[in-house]
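In this chain, numbering begins with 1 at the start of the sequence shown.
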Amino acid sequence: MSIPRTAHSDRTAIGTEMSDLELGKKGASVTVVSVDSPHRPILGRRKTTSDVINLRGEPAPLSPAYEGKEDGLTKVGNWIWKIHKASVLTRYALYIIPVAALLSVPLVLSATVYDDAAAAGVRLLGLFIWIEMIWVLLWVSKLLSQGAPFVFQGICGVISGGIRKYTTVLMALEIPLSLFLWTISAFASSHVICVFNNGNKPEDLFLRSKCEIDPDTDARPWPLMLRRIFLAGIVVSAIFLAQKTLVQLISIDYHRKQYDTKIKESKKMIWLLDLLYDASRTIFPEFCKEFEDEDEAIQGNNLEEVRKAMAKTAMGKKVFNNLGRARDKATAAFGAMVSDISGKAVFNSTSAHSIVIEALETERASEALARRLWLSFVGERREELYKRDLVEVLGSHRSDEAEEIFGALDRDGNGDVSLEEMTMLVTSIGQERKNRATSMHEIGQAIAVLDRLLSFVVLVAIAFVYAAFFSPSFSDKVTSLWTTFTGLAFAIGGTVTEFLSCCIFLFIKHPYDVGDRVDINNVELVAEHISLMYSVFRRVDSDKTVQIPHNIANTLWIENVSRSKAMKERLTLSVAATTTNEDILALRGELQKFVTADENRRDFQSEFDIELISVGNLLKLDLQVEIRHKSNFANELIRSTRRNKFMCELLAAMRRIPIEPPGGSAPALGDPANPAYSVAVSDQEALDARARKAAELEESRLFPKGTGSSFLGEALSSAFQNPAQTMIAGITGRRNGSIREVGARPSSESTRVSQESRRGTGQPYEMYPTRPR
């Protein structure tokens, strides 16, 4: 019986236990099991106890993973980086003031020393003032485009929280939006150029005429041409902004539909693995005797080349482990120093999140991580992980987290988690994470290709816009250009159609991602690469590479196995026509016991059925066996293993009952067990034998041939009999309404007399007349 303790004594005892565990000592509530055998059994290594182990009150904070070594910066690079990291006002002041100061030099000179300086009759003072204005307006436009996402989020976020996701679209459209605002402001301020020509002196009247259209020659002065350029620039920048907006909307809508839910689920699973690993290394410290090999595989992931080189030189494994641990400690110490300065967690290589992310990169490390987690939590001499194990380790105050973790691990819902299930789960998380990263990269490249194609279309549109603004004869050539475009449309119509169908297939339908197992026209494939116009697959049966254009795949029947939930399989087999209903029920019972057995209940669901779907040509019965798996068929190895196990049990069960194949299982004619022989009989004996056989067949019929309308009425009445009576008649082999006793079969003579009396004739009646000799 445990002695009650106060909260303070509990915390003191638990702190002592944790410190002892970190030093490799044996605690009071947790016993470290030593395993001396090189072949360790797959059993739990944690001593179960009635006391609850309180590891931590709160989950460990997540730290971003270190993604690689950064390139070094020079002094100039560091100076530019400091400017870039400065506040907006400081940064923009450093951008605007130096150039504005340089532009102010000709402005001051044209206003003082060169007051009369003009260009084609237009004073240069107004031109330099306008240039100074558009330089400042450029950065004002950029500042407005940077603030537009926050204004949009603040205003539209009040209406609907789902609209806030489009804030990222405005952030990506900073440059196109700033160019659009700048062209508008430059066009609106261009009249400043001619303001200083509006004087009352006679020479000012001459200068004022230089900013107006000449009525005689219809010539435009250069200030008006400049205004026309910026007016066309407004249209061009609007087209450019619309094109970039379309691409961004396609990108964000695609990623929101395809990856948002998957990324959230992946982050949740990784967070749960962080909690489990943090608790595991608290019970069993890193590189302890029990998990030395597992920790070597988990944390030695990025030193694989060093491992191989040291193995060739026959250097000890202990040296390698110490090298990896020294690397991690040095990185952690440097990260702690940087964290103290910046206030952010960086280079924290010893955090649970960093170690889990690193382990998920390779299959070997993922299997080692799964093994460490499972063996840490499973009780001694047990082969399954239960929810009570998680509650016991994490503590009763974290029972909600334990229930959430166990629900994520126990995907088949059978109440326990085996080592195989844990390994499959962790490796699948790492594989899905890598496939998702590859798919997002390739889809990003496809969107970039689409952006380049649309940019070419925008470039052509820009050429037409400027031609319409500056070419007086452009309107006269519209008819000929339209004819040319019509002919070009017929020439490239197929290509445009293919391009549009590929875009719809990839960005709207998107039936598969990289790494998905799909069935296209009943061919089993695995998606390897996705481009804008085509996809590359690998055949499951032969590992051949198959390329399918998206416009062709758009018309095919695509079944995505990876996106499917738990799948079922239907098998059709033919058995002998003599198989009874009892045999079928016996087969169903045998297979039901198989799928519900302890060793198979993780693979198959308990729902099971056998259906008689056809009687064929009356020589066989066609049975359909339906089995329900607890997962899909994305993993071909797992699917084939489970299917082979079930097929072997199906054959063994049919032999135990037994159920024979079509035609029976008797030896073939001529076999030593069934020899063939011939007997010579006379013609009369042969005729008599045929007649007896025909009479027996006729007597076995429900309604003999040649009967009158009374038998027809009896047949019609039998069709409307009670179903229960019909079933009883089928079991006993007697017709309903019969008053004969069991075993009182009518003879052929009584049947003949009964038929003659029904006709009302006294002539003799022969059912089978004898052929004259």
Consider only side-chain N and O atoms of Asp622 and Ser574, and report whether a donor and an acceptor are under 3.5 Å apart. yes
Are any side-chain N or O atoms of Trp374 and backbone N or O atoms of Val417, one a donor and one an acceptor, separated by less than 3.5 Å? yes
Of all the heavy-atom pairs spanning Leu390 and Leu276, show the shortest one and how long it is. CD2-CD2, 4.0 Å
So Thr572 and Leu623, do their side chains get closer than 4.5 Å, heavy atoms only? no
Do the non-hydrogen side-chain atoms of Leu425 and Arg411 ever get within less than 4.5 Å of each other? yes
Minimum heavy-atom separation for Ser366 to Thr427, with atom names? CB-CG2, 3.9 Å
Would you say Glu590's side chain and Ala653's backbone share a donor-acceptor pair under 3.5 angstrom? no
Return the minimal non-hydrogen interatomic distance between Pro658 and Arg655, and the atom names on each side. CB-O, 3.5 Å
Glu403, CD atom: more than 12 neighbouring heavy atoms under 6.0 Å: no
Carefully, step by step, assess Glu401 and Arg398 under the rule side chain to side chain contact (heavy atoms under 4.5 Å, CB included). CA-CA 5 Å; Glu401 294 181 3; Arg398 302 176 66 180; 2.9 Å; yes
When you check the side-chain N and O atoms of His510 and Asp513, is any donor under 3.5 Å from an acceptor? yes
Please lay out, stage by stage, how His529 and Glu442 fare under the test side-chain hydrogen bond (donor to acceptor under 3.5 Å, both in side chains). CA-CA 7 Å; His529 174 71; Glu442 295 187 353; 2.9 Å; yes
Could you check whether any side-chain N or O of Ser531 sits under 3.5 Å from a backbone N or O of Tyr534, counting only pairs where one atom can act as donor and the other as acceptor? no
If every non-hydrogen atom of Asn632 is compared with every non-hydrogen atom of Ser564, which pair is closest and at what distance? ND2-O, 2.9 Å
Mind running salt bridge (Lys or Arg N to Asp or Glu O under 4.0 Å) on Glu363 and Lys434 for me, showing each step along the way? CA-CA 11 Å; Glu363 184 178 0; Lys434 290 188 289 186; over 6 Å; no
Just verifying a value: how many Å separate Glu524 CD and Glu636 CD, rounded to the nearest 0.5 Å? 5.5 Å
Rounded to the nearest 0.5 Å, the CZ atom of Arg639 sits from the CG atom of Asp603 at a distance of 13.5 Å
Evaluate the criterion side-chain hydrogen bond (donor to acceptor under 3.5 Å, both in side chains) for residue pair Ser351 and Ser354; output intermediate values, then yes/no. CA-CA 5 Å; Ser351 66; Ser354 301; 2.8 Å; yes
State, yes or no, whether a side-chain contact exists between Asp278 and Arg281 at a heavy-atom distance under 4.5 Å. yes
Can you tell me if CG on Asn522 sees more than 12 non-hydrogen neighbours from other groups inside 6.0 Å? no
Any donor-acceptor pair under 3.5 Å linking the side chain of Asp295 with the backbone of Glu286? no
Which is it for Glu421 and Met424 under the side chain to side chain contact (heavy atoms under 4.5 Å, CB included) test, yes or no, and what are the steps along the way? CA-CA 5 Å; Glu421 286 181 286; Met424 290 174 54; 5.8 Å; no
Could you tell me if the side chain of Glu626 sits less than 4.5 Å from the side chain of Glu569, heavy atoms only? no
Would you say Ser562 and Arg517 are linked by a side-chain donor-acceptor pair, where the criterion is simply a distance under 3.5 Å? no
Quick one: does Val378's side chain get under 4.5 Å of Glu384's, heavy atoms only? no
Atom CZ of residue position Arg563 - does it have more than 12 heavy atoms of other residues, nucleotides or ligands inside 6.0 Å? yes
Heavy-atom pair of closest approach, residues Pro511 and Asn560: O-ND2, 2.7 Å
side-chain hydrogen bond (donor to acceptor under 3.5 Å, both in side chains), that's the test. Do Asn600 and Lys645 meet it? Break it down for me. CA-CA 9 Å; Asn600 301 319; Lys645 183 166 58 174; 3.2 Å; yes
Indicate yes or no: at least one non-hydrogen side-chain atom of Thr545 is less than 4.5 angstrom from one of Arg538. no
For Asp583 and Ile659, indicate whether the former's side chain and the latter's backbone hold a donor-acceptor pair under 3.5 Å. no
May I ask you to say whether Asp260 pairs ionically with Lys264, meaning some side-chain N is under 4.0 Å from a carboxylate O? yes
Applying side chain to side chain contact (heavy atoms under 4.5 Å, CB included), run through Met422 and Leu373 and close with a yes or a no. CA-CA 9 Å; Met422 190 72 178; Leu373 297 179; 3.8 Å; yes
So, does Thr596 use its side chain to make a donor-acceptor pair with the main chain of Gln592 at under 3.5 Å? yes
Within the side chain of Asp516, is there an N or O that forms a donor-acceptor pair under 3.5 Å with the backbone of Val518? no
Are Arg643 and Phe646 in a cation-pi contact, defined as NZ or CZ under 6.0 Å from the six-membered ring centre and within 45° of the axis? no
Ring centre gap for Tyr259 and Tyr254 strictly below 6.0 Å: yes
Describe, in one word, how the ring planes of Phe284 and Phe291 are oriented to each other, choosing from parallel (under 30°), tilted (30 to 60°) and perpendicular (over 60°). perpendicular
Whether Phe537 and Tyr512 hold their rings parallel, tilted or perpendicular, with breakpoints at 30° and 60°: perpendicular
Any salt bridge linking Glu404 with Lys268? Criterion: basic side-chain nitrogen under 4.0 Å from a carboxylate oxygen. yes
Would Arg433 and Ser266 count as a side-chain hydrogen bond (donor to acceptor under 3.5 Å, both in side chains) here? Give the steps. CA-CA 7 Å; Arg433 190 169 179 269; Ser266 177; 5.0 Å; no
Using a 6.0 Å cut-off, check whether atom CD of Glu607 has over 12 heavy atoms from anything other than its own residue. yes
Less than 3.5 Å apart, any donor N or O on the side chain of Arg642 or Ser631 sitting next to an acceptor on the other? yes
Asp416 side chain near Leu385 side chain, heavy-atom distance below 4.5 Å: no
Determine, stepwise, if the pair Leu375 / Arg371 fulfils side chain to side chain contact (heavy atoms under 4.5 Å, CB included). CA-CA 6 Å; Leu375 292 174; Arg371 185 181 178 89; 3.6 Å; yes
Main-chain N/O of Gly415 paired with Lys387 side-chain donor or acceptor, under 3.5 Å: no
Do Ile270 and Leu360 come within less than 4.5 Å of each other through their side chains, counting heavy atoms only? yes
Should we say atom CD of Glu265 is surrounded by more than 12 heavy atoms from elsewhere, each under 6.0 Å from it? no
What heavy-atom pair brings Ser376 and Ile283 nearest, and what distance separates the two atoms? O-CD1, 4.5 Å
